Amino acid sequence: MSVRLLPAVAVALLASASVSAQVKWDFPTPYADREVLTKNTVQFAEDVRRATNGQLIITMHTANSLIKNPEIKRAVQTGQVQIGEIFKPNMGPEDPVFELDAIPFFAPGYKEARVLLDVSREAISQRMLKQGLRVLYMCPWPSQAFYSKKPINSLADLKGTKMRTYNAQTARLAQLMGAIPTTVQATEIPQAFTSGIIDTMFTAAGTGVTTKAWDYTRFVYDTQAWVPKNIAFVNEKAFQALSEPVKKALLEQAAIAEKRGWEMSEAENVNGPKQLVQNGMTLAPITPQFATELKKIGDQMLDDWVKKAGPEGKKITDAYYSKLKGN
Ligand code: PCA
């Protein structure tokens, strides 16, 4: 072999090493491309590719396209896919620590949601790790608004109506409100309304825009009652199999994604309602009576939560109240 060829051989060897080092992951999310939290995650995937010089390629599968919402967590746990994102309170039946942010009026706005995340992050991360999952980031949905075909002044107006729900906690909420819970995924909201399966729903203004809520509802009520979070996580074994620099880059980009996701969500919390109004919907605060009734239900859900969550749950709520006072 001539001396002049050596550099070429070396280059070829290096190239094959970097090809074999390239890792490809699939990332399912239940939510449509237009949702702010999906946009944030798509950006995260791009940022990871750039930050790792293409050594980690994350392919997004949005809107329940690869794996359906209820199966995403399991798919990541079993290694069917390596990484995923879900609505965190969906895991409430496994452990109450996951659903505290979805209790009406417990942590009603962004400031409170932030404090709640600070005091519960450790407990959430530990539980996920015990299940072989590493938490990457947690970002809030905008405030959960209430949508209806007819004006709603109090719970009496909801008696016997069908309310869209998407997990155990929203089903419980519907029951306490005297409505009939009906499970509908976010991507199926328009069909469910137009075919009469549901009459009302709670969801962010942004999700109302994504699903063109003006086509099938007329009234949207700004509840300012809760801003629940999504959680993005990776299979711990898949994470540990990465090289050290790639691990580091992934975690750095996850921290950036969390910060950006909160900012995007707050912006959407202002924009979403405007777009609903521009498209002809009537936007109003919930009536004082509806607010009082919903608050009472929130209190009851919190009582139930405290009983279920035991001493460790109490530690979280105590830390939350004291940090909130200090802020
Ligand atoms: N949009 C999603 C989750 C919460 C939200 O605001 C949904 O309605 O399913």
Side-chain angles (χ1 to χ4, degrees), residues 35-37 87 89 100-116 140-166 169-170 172-179 181 184 186 189 193 198-229 262-302 320 324 327:
E35 301 280 16
V36 267
L37 296 189
F87 186 76
L100 188 53
D101 56 350
I103 294 176
F105 294 108
F106 176 64
Y110 283 87
K111 187 185 123 197
E112 294 87 354
R114 162 59 64 194
V115 171
L116 181 53
W141 286 93
S143 183
Q144 299 296 292
F146 190 68
Y147 298 69
S148 170
K149 295 180 182 182
K150 298 191 182 118
I152 303 294
N153 295 313
S154 71
L155 287 191
D157 295 332
L158 289 175
K159 230 186 165 62
T161 57
K162 288 161 282 180
M163 184 182 296
R164 176 223 169 197
T165 55
Y166 48 84
Q169 196 177 34
T170 45
R172 172 90 178 122
L173 179 59
Q175 266 166 1
L176 292 170
M177 290 174 74
V184 175
I189 289 170
F193 269 108
I198 50 174
D199 307 301
T200 65
M201 68 172 167
F202 278 109
T203 196
T207 301
V209 176
T210 303
T211 56
K212 296 195 163 64
W214 48 86
D215 283 347
Y216 45 83
T217 60
R218 279 187 54 210
F219 299 90
V220 57
Y221 297 95
D222 180 12
T223 63
Q224 299 194 20
W226 74 107
V227 285
K229 288 166 220 97
W262 279 75
E263 288 162 8
M264 289 172 79
S265 176
E266 282 212 65
E268 180 81 341
N269 196 40
V270 177
N271 273 333
K274 284 188 194 155
Q275 289 189 49
L276 293 175
V277 171
Q278 274 162 17
N279 282 285
M281 293 195 72
T282 303
L283 171 70
I286 46 175
T287 64
Q289 185 173 348
F290 191 6
T292 307
E293 290 166 333
L294 193 55
K295 174 89 181 47
K296 219 173 129 200
I297 289 171
D299 289 346
Q300 182 174 347
M301 289 174 83
L302 184 59
Y320 169 73
L324 206 57
N327 268 9

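Residue numbers start at 1 and run along the sequence shown. Fair warning: this is a prediction, and the values are worked out from it, not measured in the lab.
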Novice: Specify the closest pair of heavy atoms between Leu176 and Leu155, including all atoms of both residues, with the distance to one decimal.
Specialist: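 Closest approach of Leu176 to Leu155: O-CD1, 4.5 Å.
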Novice: Under the side-chain hydrogen bond (donor to acceptor under 3.5 Å, both in side chains) rule, collect the residues that match up with Glu263, sequence neighbours excluded.
Specialist: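 Partners of Glu263 under the side-chain hydrogen bond (donor to acceptor under 3.5 Å, both in side chains) test: Lys259.
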Novice: Which residues pass the side-chain hydrogen bond (donor to acceptor under 3.5 Å, both in side chains) test with Ser265, sequence neighbours left out?
Specialist: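 Residues passing side-chain hydrogen bond (donor to acceptor under 3.5 Å, both in side chains) with Ser265: Tyr110.
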Novice: According to side-chain hydrogen bond (donor to acceptor under 3.5 Å, both in side chains), who are the partners of Arg114, at least two apart in sequence or on a separate chain?
Specialist: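 So Arg114 forms no side-chain hydrogen bond (donor to acceptor under 3.5 Å, both in side chains) with any residue.
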Novice: Kindly give the heavy-atom pair with the smallest separation between Pro151 and Asp157, and that separation in Å.
Specialist: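 Closest heavy-atom pair between Pro151 and Asp157: O-OD2, 4.0 Å.
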Novice: Answer yes or no: is there a side-chain heavy-atom contact under 4.5 Å between Met177 and Ile297?
Specialist: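 They are in side-chain contact.
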Novice: For the atom pair OH (Tyr320) and CG (Leu100), what is the distance rounded to the nearest 0.5 Å?
Specialist: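 Reported value, rounded in 0.5 Å steps: 8.0 Å.
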Novice: With sequence neighbours left out, write down each residue that passes ring pair (Phe, Tyr, Trp, His ring centres under 6.0 Å) with Tyr147, or none if nothing qualifies.
Specialist: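 For Tyr147, no residue satisfies ring pair (Phe, Tyr, Trp, His ring centres under 6.0 Å) once neighbours in sequence are set aside.
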Novice: Specify the closest pair of heavy atoms between Gly109 and Val227, including all atoms of both residues, with the distance to one decimal.
Specialist: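 Closest heavy-atom pair between Gly109 and Val227: O-CG2, 3.5 Å.
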Novice: What pair of heavy atoms forms the shortest contact from Leu173 to Pro104, and how long is it?
Specialist: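 So the minimum-distance heavy-atom pair works out to CD1-CG, 3.9 Å.
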Novice: What pairs with Tyr166 under ring pair (Phe, Tyr, Trp, His ring centres under 6.0 Å), at least two apart in sequence or on another chain?
Specialist: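 Expected list: Phe87.
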Novice: For a 4.5 angstrom cut-off between non-hydrogen side-chain atoms, does Phe193 reach Lys212?
Specialist: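 Sidechains of Lys212 and Phe193: no contact.
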Novice: At their closest point, which heavy atom of Pro181 faces which heavy atom of Gln175, and how far apart are they?
Specialist: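 In this case the closest contact between Pro181 and Gln175 is CG-CG, 4.2 Å.
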Novice: Starting at CG of Asp199, measure out to NZ of Lys149 and round the result to the nearest 0.5 Å.
Specialist: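 Asp199 CG to Lys149 NZ: 5.5 Å, rounded to 0.5 Å.
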Novice: If every non-hydrogen atom of Ala213 is compared with every non-hydrogen atom of Met201, which pair is closest and at what distance?
Specialist: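 Closest heavy-atom pair between Ala213 and Met201: CB-CE, 4.4 Å.
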Novice: Check whether any side-chain N or O of Asn269 sits under 3.5 Å from a backbone N or O of Ser143 as a donor-acceptor pair, and report yes or no.
Specialist: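 Present.
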Novice: To the nearest 0.5 Å, what is the distance between CG (Leu116) and CD (Glu112)?
Specialist: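 One finds 10.0 Å between CG of Leu116 and CD of Glu112.
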Novice: What pairs with Lys159 under side-chain contact (heavy atoms from CB on, under 4.5 Å), at least two apart in sequence or on another chain?
Specialist: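 With sequence neighbours excluded, Lys159 shows a side-chain contact (heavy atoms from CB on, under 4.5 Å) to no residue whatsoever.
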Novice: Please identify each residue that fulfils side-chain contact (heavy atoms from CB on, under 4.5 Å) with Lys296, with sequence neighbours left out.
Specialist: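 Partners of Lys296 under the side-chain contact (heavy atoms from CB on, under 4.5 Å) test: none.
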Novice: Can you name the side-chain contact (heavy atoms from CB on, under 4.5 Å) partners of Ala102, sequence neighbours left out?
Specialist: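 Testing Ala102 for side-chain contact (heavy atoms from CB on, under 4.5 Å), a comparison that skips the adjacent residues, returns Pro89, Gln169, Trp226, Pro228.
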Novice: Show every donor-acceptor pair shorter than 3.5 Å between a side-chain atom in residues 270-288 and any protein atom, with sequence neighbours excluded, or say none if there are none.
Specialist:
{"unit_1": "Asn279", "atom_1": "ND2", "unit_2": "Gln275", "atom_2": "O", "d": "2.8"}
{"unit_1": "Thr287", "atom_1": "OG1", "unit_2": "Asn153", "atom_2": "O", "d": "2.4"}
{"unit_1": "Thr287", "atom_1": "OG1", "unit_2": "Phe290", "atom_2": "N", "d": "3.0"}

Novice: Evaluate side chain to side chain contact (heavy atoms under 4.5 Å, CB included) for Val209 paired with Trp214, printing each intermediate quantity in order.
Specialist: CA-CA 8 Å; Val209 176; Trp214 48 86; 4.1 Å; yes
Novice: Quick check against the 3.5 Å criterion: does Arg164 have a side-chain atom that pairs as donor or acceptor with the backbone of Val184?
Specialist: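 Yes, the answer is positive, given that a donor and an acceptor are paired below the 3.5 Å cut-off.
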Novice: Do the side chains of Phe202 and Thr170 get nearer than 4.5 Å, heavy atoms only?
Specialist: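 Thr170 vs Phe202: side chains apart.
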Novice: Strictly distance-based, threshold 3.5 Å: is any side-chain N or O of Thr223 a donor or acceptor partner for the main-chain N or O of Gln144?
Specialist: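 The answer is yes, because a donor-acceptor pair under 3.5 Å joins these two groups.
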Novice: Roughly how far apart are Leu37 CG and Trp262 CH2, rounded to 0.5 Å?
Specialist: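 Result: 10.5 Å between the selected atoms.
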Novice: Taking the side chain as every heavy atom from C-beta outward, state whether Phe105 and Leu294 have any pair of such atoms under 4.5 Å apart.
Specialist: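 Touching, per the 4.5 Å side-chain cut-off.
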Novice: Can you pull the ring-ring contact (aromatic ring centres under 6.0 Å, His included) pairs that have at least one residue in residues 267-287, sequence neighbours excluded?
Specialist: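 For residues 267-287, and leaving out neighbouring residues, there are no ring-ring contact (aromatic ring centres under 6.0 Å, His included) pairs at all.
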Novice: For the pair Ser148 (side chain) and Lys150 (backbone), establish whether a donor and an acceptor sit closer than 3.5 Å, ignoring hydrogens and angles.
Specialist: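 Yes; judged by distance alone, with no hydrogens or angles, the pair exists.
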Novice: With sequence neighbours left out, what residues match Thr207 under side-chain contact (heavy atoms from CB on, under 4.5 Å)?
Specialist: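 If we apply the side-chain contact (heavy atoms from CB on, under 4.5 Å) test to Thr207, skipping adjacent residues, the hits are Glu35, Trp141, Ile189, Thr203, Ala204, Thr211.
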Novice: Taking side-chain hydrogen bond (donor to acceptor under 3.5 Å, both in side chains) as the definition, give me every residue that meets it alongside Gln224, ordered by chain and number, with sequence neighbours left out.
Specialist: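 Here the qualifying residues are Asp222.
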